[in-house]
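All remarks here apply to the structure that follows.
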2 protein chains.
Amino acid sequence: MDTKISDVGTAATQAAREIRRRIISGAYPSGMRLHQENIAAELGVSRSPVREAFRQLEAEGLVILTSQKGGKVAPIRAEEVVELFELRLLIEPHLLALAVPNFTDADVAAAEKIIAEMDGIDVAQWAEANWRLHMAFYEPARRPTTTRQLERIHSGIDRYLRMQITLTEGRDRAHTDHKAILSACRNHDAELAVALLRSHILAAARAFVPAG
Amino acid sequence: MDTKISDVGTAATQAAREIRRRIISGAYPSGMRLHQENIAAELGVSRSPVREAFRQLEAEGLVILTSQKGGKVAPIRAEEVVELFELRLLIEPHLLALAVPNFTDADVAAAEKIIAEMDGIDVAQWAEANWRLHMAFYEPARRPTTTRQLERIHSGIDRYLRMQITLTEGRDRAHTDHKAILSACRNHDAELAVALLRSHILAAARAFVPAG
DNA sequence: TCTCGTGAAAATGGATACAAAAATCAGTGA
DNA sequence: TCACTGATTTTTGTATCCATTTTCACGAGA
């Protein structure tokens, strides 16, 4: 067997990735009609893989399919974002509490590396790195299934996030939060780490859900 | 507009429903190879809708697709079930706490009706009614997105559950639990309801995850 | 007997063809 | 002008077709 440098996957997989990216980035705005033929043409494939991608994205909550009427980008409602933040507030502290006792020097170093990367990066990449950092915090918990659920929850929020604004205003706050959380992890202080994470997520929630 | 008695949906939708049912019921056992042509023939459709159904079910975590090698029923590992129960323990009490203040007489009546149905029903239907009851408990919380996530978590467990055993052993315990929880809901005692629910879920978890 | 090729059979992935449903639009009548 | 109707066009959903990949059985050779 030869070492596949990058398994790009099937056309359907790639189509799903690309369409997901476009939805999350806002290139396909909320509510936009998803035209099978057009998208197939844009991606240089036929409608079959596009249709499969739609099904997948529907299950992920990013697309709405209606029988005989096709697909559209799932509209985001504010109440939905509230729910997604509530779920983050449940799941992320849970994961962090499980992770902290397992934190190794390597885990700390990995997180520090990401934090360093985040300095002076552009907005889009910052958001991506920010999420990678959160994932790095939870990795030592070894909860792949839970993490997967969380990923999906996050993608729902992320789309809304970018739609809204410049995250720049929260970046300083986030930076100090991240460093404090990491420090608590390094000291294996789960209590403190969780408390800090909760207020970190709450701050993010307040920034985007005024009436939260 | 005329009232659609039952929107059966497209062939792909129906295929997904049926295949999902077969996986959860154990008719398609864990790890089983999913043959596009055979399944298409069984369902009386072509491979196209079956392929779409596979994509959907993959996103739901019930199927594993491998590039150029097709699909198989996602094998369940014990650690995964542990995670799913952990998630139930996070999410269900959260929902119940939100629901209790909103409980109306109608909500209580709806739950009582389900509890009544559950008396002397066969195992498969009991499991289904049991879940409907849990959903009835959370309905007053008005958290559709959260509920949807929970549904998916539950389907992962349910499949394992049925694979394992006769749920009969836990039915008495569950019955008393359910009545106690409902009573607490009727009295708007969120504190108590949540405590009861937590131990109810823990009992279920212990029954299926010996080393839990 | 075991291993390694080789080739046929089978299965997947994707493109295309076709039928049915929905949307659009022109024209008619009030 | 506006509402309705019926034809036309567009778009979806499904079946079928083709190319590529994988699987598997068979047989030659050590």
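Note that this is a predicted model, so its numbers are computed, not measured.
Under a 4.0 Å N-O distance rule, the pair B:Arg143/A:Glu86 qualifies as a salt bridge. Using a cutoff of 4.0 Å between basic side-chain nitrogens and carboxylate oxygens, A:Arg55 and A:Glu52 are not scored as salt-bridged.
Positionally, the nearest nucleotide of DNA chain D for B:Ala11 lies more toward the 5' end than for the other of B:Gln68 and B:Ala11.
Legend: ring pair (Phe, Tyr, Trp, His ring centres under 6.0 Å) pairs involving residues 132-157 of chain A, not counting sequence neighbours, sorted by first then second residue: A:Trp131-A:His134, A:Trp131-A:His154, A:His134-A:His178, A:His134-A:His200.
With hydrogens and angles disregarded, a donor-acceptor distance shorter than 3.5 Å links the side chain of A:Ser30 to the backbone of A:Ile76. Proximity of a side-chain donor or acceptor of A:Asn102 to a complementary backbone N or O of A:Pro140 within less than 3.5 Å is detected. Looking at B:Ser25, its side chain does come within 3.5 Å of a backbone N or O of B:Arg21 through a donor-acceptor pair.
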With a 3.5 Å cut-off and sequence neighbours excluded, list the donor-acceptor pairs that the side chains of residues 112-120 of chain A form with protein atoms.
{"unit_1": "A:Glu112", "atom_1": "OE2", "unit_2": "A:Arg186", "atom_2": "NH2", "d": "2.8"}
{"unit_1": "A:Glu117", "atom_1": "OE1", "unit_2": "A:Arg132", "atom_2": "NH2", "d": "2.6"}

Sequence neighbours excluded and cut-off under 3.5 Å, please list the side-chain donor-acceptor pairs for residues 38-47 of chain B, or say none.
{"unit_1": "B:Glu42", "atom_1": "OE1", "unit_2": "B:Arg22", "atom_2": "NH1", "d": "2.5"}
{"unit_1": "B:Glu42", "atom_1": "OE1", "unit_2": "B:Tyr28", "atom_2": "OH", "d": "3.1"}
{"unit_1": "B:Ser46", "atom_1": "OG", "unit_2": "B:Ser48", "atom_2": "N", "d": "3.4"}
{"unit_1": "B:Arg47", "atom_1": "NE", "unit_2": "B:Gln36", "atom_2": "OE1", "d": "3.0"}
{"unit_1": "B:Arg47", "atom_1": "NH2", "unit_2": "B:Gln36", "atom_2": "OE1", "d": "3.2"}

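B:Thr13 comes within contact range of no nucleotide atom at all, as no heavy-atom separation falls under 4.0 Å.
Heavy-atom distances under 4.0 Å link DNA chain C to B:Arg47, B:Arg51 of residues 45-59 of chain B, given in residue order. Within residues 31-43 of chain A, the residues having any heavy atom closer than 4.0 Å to DNA chain D are, in order of number, A:Arg33, A:Leu34, A:His35, A:Gln36.
Contact footprint of chain A on DNA chain D: nucleotides with an atom under 4.0 Å from a non-hydrogen protein atom, first to last in 5' to 3' order, D:dT11 to D:dT14.
Residues A:Thr104 and A:Asp107 bring a donor and an acceptor atom of their side chains to less than 3.5 Å of each other.
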